[in-house]
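A quick write-up on the structure given underneath.
The chain is numbered in sequence order, starting from 1. Atoms within a ligand are numbered from 1 in the order they appear, just like the ligands themselves.
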Amino acid sequence: MLTSLLLLPLLLLLAPVQQQPAATPASPVAIPAEALHMLNPVKPTPEGMAQAKKIFGYDCAMCHGTTGNGKGDMVADLKLNLKDWTNPESLKNRTDGELYYIITNGQGQMPGENGRAKPEQIWNMVVLVRSFSAH
Ligand code: HEC
């Protein structure tokens with residue numbers, strides 16, 4: 001009797017831990033709430049934007065297109081259906097934190113910049129991605 005009383009709380013403690021492996025992998029689209037609301041801490045400078053454009057040219061344009069229109073060279077091969085960022089509607093419902101998170105960690109068929117670019121450079125790329133609709 002005494003042992004079962006002691007075992008019950010122990011089992012309750014263990015239960016959620018044991019369920020975790022079954023719950024992973026988490027959906028790649030899931031973005032943590034705190035990441036969604038991150039604000040861009042970087043003030044864009046001409047140098048920062050030039051650097052972001054350079055990185056975009058060799059890490060992103062092959063999919064998203066040099067103008068951000070979603071028609072890069074790899075789109076056909078990978079059968080991608082990318083948003084046209086020259087249309088202001090396309091990123092209207094996304095927060096900066098969300099874009100930062102996706103550029104850092106990747107999403108679906110997109111590889112993340114994590115480890116390749118510094119946080120400051122990624123924030124500049126968020127600004128760059130948004131700027132494609134301004135022309
Ligand atoms: C291999 C092709 C590929 C490359 C390279 C790539 N992306 Fe993507 N990107 C995608 C795909 C596919 C999605 C949509 C992902 C999803 O919704 O599952 C996406 C989504 C995004 C989004 C979210 C908004 C949206 O339009 O869906 C941002 C922001 C983004 N990419 C920025 C970048 C940046 C910046 C780079 C370069 C550092 C980059 N991407 C490189 C394929 C790519």
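Those atoms of ligand 1 with a heavy atom of I102 less than 4.0 angstrom away are 21 (C), 22 (C), 23 (C). Atoms of ligand 1 found under 4.0 Å from any heavy atom of L99, numbered from 1 in the order shown, are 29 (C). Interface atoms of ligand 1 facing K83, defined by a heavy-atom separation under 4.0 Å, are 26 (O), 27 (O). Counting atoms of ligand 1 from 1 in the listed order, those under 4.0 Å from a heavy atom of L78 are 1 (C). Residue R94 approaches ligand 1 through these ligand atoms, each under 4.0 Å from one of its heavy atoms: 27 (O). Remark: ligand 1 atoms within the under-4.0 Å shell around heavy atoms of C63 are 1 (C), 2 (C), 3 (C), 4 (C), 5 (C), 43 (C).
W123 and Y100 have parallel rings, their planes meeting at less than 30° on a 0 to 90° scale where 60° marks the start of perpendicular. Relative ring orientation between W85 and H64 is described as parallel, the plane-to-plane angle staying below 30° on a 0-90° scale split at 30° and 60°.
Formation of a donor-acceptor pair under 3.5 Å by the T95 side chain with backbone atoms of L36 is found in this model. Without hydrogens or angle criteria, N69 side chain to G65 main chain gives no donor-acceptor distance under 3.5 Å.
Comparing Y100, Y58, W85, F56 against atom 30 (C) of ligand 1, the shortest heavy-atom distance belongs to W85. The option with the heavy atom closest to atom 12 (C) of ligand 1, from among L91, L82, I103, is L82.
Considering backbone and side-chain N/O of E113, none are found under 3.5 Å from N/O of ligand 1. Polar contact check, Q107 against ligand 1: a nitrogen or oxygen pair lies under 3.5 Å apart. Note: no N/O pair closer than 3.5 Å links Q109 and ligand 1 by distance alone.
Take atom 8 (Fe) of ligand 1 as the corner point: the lines to SD of M110 and to NE2 of H64 open at 170°, to the nearest 10 degrees.
Atoms CG and CD, on L91 and E98 in that order, are 9.5 Å from each other to the nearest 0.5 Å. If you take CD1 on I122 and CG on N40, they are separated by 11.5 Å, rounding to the nearest 0.5 Å. Between atom CE of residue M38 and atom CD of residue E34 there is a gap of 9.5 Å, rounded to the nearest 0.5 Å.
Contacts between I55 and ligand 1 below 4.0 angstrom, taking non-hydrogen atoms only, are absent altogether.
Side-chain contact between L99 and M125 is absent, with no heavy atoms from C-beta onward closer than 4.5 Å.
With a cut-off of 2.8 Å, atom 8 (Fe) of ligand 1 has no N, O or S atom of C60 in range.
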Task: Audit row: Q109, K79, side-chain contact (heavy atoms from CB on, under 4.5 Å) steps and yes/no - done: CA-CA 10 Å; Q109 285 171 282; K79 297 188 174 60; over 6 Å; no

